[in-house]
Amino acid sequence: MWRVLLLGLLLLSPAVWSAIEVHSFNDPALQQRYQTLTWELRCPKCQNQNIADSDAGIAKDLRDQVVRLLNEGATDQEIKEFMVARYGDFVLYRPKVDSRTWLLWFGPFLVLGLGGMVVWIFARRHRRQQVNKLSAQERERLQQLLDSQKE
């Protein structure tokens, strides 16, 4: 009895009903190009998932488009241009560096540099404030210690 119940629960699982999509090519080179392209193209719905891994309907449509274009003899660059024309630069994991995408490419370095400058400025101010809190006698002793290290 429990086996029938377990089998029934297993059949109700969404993983059992998910479709496995198989695209077969006569040429292994086309198959390799298909796999490479589907790993390089981002799903517009899933944000940070490529169309090879995505279960979204639009990802399936994009995979079908890639198959169609490959079978029509399109180059990888032509396929990417087709996808960019329809879905924008977002569909590429590595968009071209141009005037519209320079912030995407170099923005993290700018933020990191600005963050480093802010930390440096705050650390410098904090150090100055600590030195200014010293009494005259403590400052004189500190200066003696610094002078003795120079010698």
Any side-chain heavy-atom pair of [X] and [Y] under 4.5 Å:
X	Y	value
Asn48	Arg42	yes
Thr36	Gln32	yes
Tyr87	Leu41	no

Between atom [atom1] of [X] and atom [atom2] of [Y], what is the distance when rounded to the nearest 0.5 Å?
X	Y	atom1	atom2	result
Ile121	Arg124	CD1	CZ	8.5 Å
Tyr34	Asn71	OH	CG	11.0 Å
Leu142	Arg139	CG	CZ	9.5 Å
Arg127	Phe122	CZ	CZ	14.5 Å

May I ask whether Leu103 and Phe106 are part of the same hydrophobic cluster, defined by side-chain heavy atoms of I, L, V, M, F, W, Y residues being less than 4.5 angstrom apart, directly or through others?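 Yes, one cluster joins them.
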In the single-linkage hydrophobic clustering (I, L, V, M, F, W, Y; side-chain heavy atoms under 4.5 Å), do Ile58 and Val67 co-cluster? yes
Would you say the side chains of Gln65 and Asp61 form a donor-acceptor pair under 3.5 Å?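 Side chains of Gln65 and Asp61: no pair found under 3.5 Å.
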Quick one: salt bridge (Lys or Arg N to Asp or Glu O under 4.0 Å) pairs with a partner in residues 26-39, sequence neighbours left out?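 Passing the test, one end in residues 26-39: Arg33-Asp76.
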Ion pair check, Lys60 and Asp64, cut-off under 4.0 Å: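 Looking at Asp64 together with Lys60, the answer is yes, because their closest N to O distance falls below 4.0 Å.
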Given Val91 and Arg86, is the side chain to side chain contact (heavy atoms under 4.5 Å, CB included) satisfied, shown in steps? CA-CA 9 Å; Val91 79; Arg86 286 194 158 190; over 6 Å; no
Would you please test Val84 and Asp89 for side chain to side chain contact (heavy atoms under 4.5 Å, CB included) and show each step? CA-CA 5 Å; Val84 167; Asp89 286 328; 3.5 Å; yes
Give me the atom names and distance for the closest heavy-atom approach of Phe90 to Pro44.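 Where Phe90 meets Pro44 most closely, the heavy atoms are CE2-CA, 3.9 Å.
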With a 6.0 Å cut-off (strictly less than), is the heavy-atom count around CD of Gln144, excluding the residue itself, greater than 12?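 More than 12 within 6.0 Å, yes.
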I'd like to know whether CZ of Arg141 has more than 12 heavy-atom contacts from other residues, nucleotides or ligands below 6.0 angstrom. no
Give the C-alpha distance, both sets of side-chain angles, the deciding distance and a yes or no for side chain to side chain contact (heavy atoms under 4.5 Å, CB included) between Leu37 and Lys80. CA-CA 8 Å; Leu37 283 166; Lys80 289 177 186 178; 3.9 Å; yes
Walk me through it: do Glu78 and Leu69 pass the test side chain to side chain contact (heavy atoms under 4.5 Å, CB included)? CA-CA 9 Å; Glu78 290 171 339; Leu69 291 168; over 6 Å; no
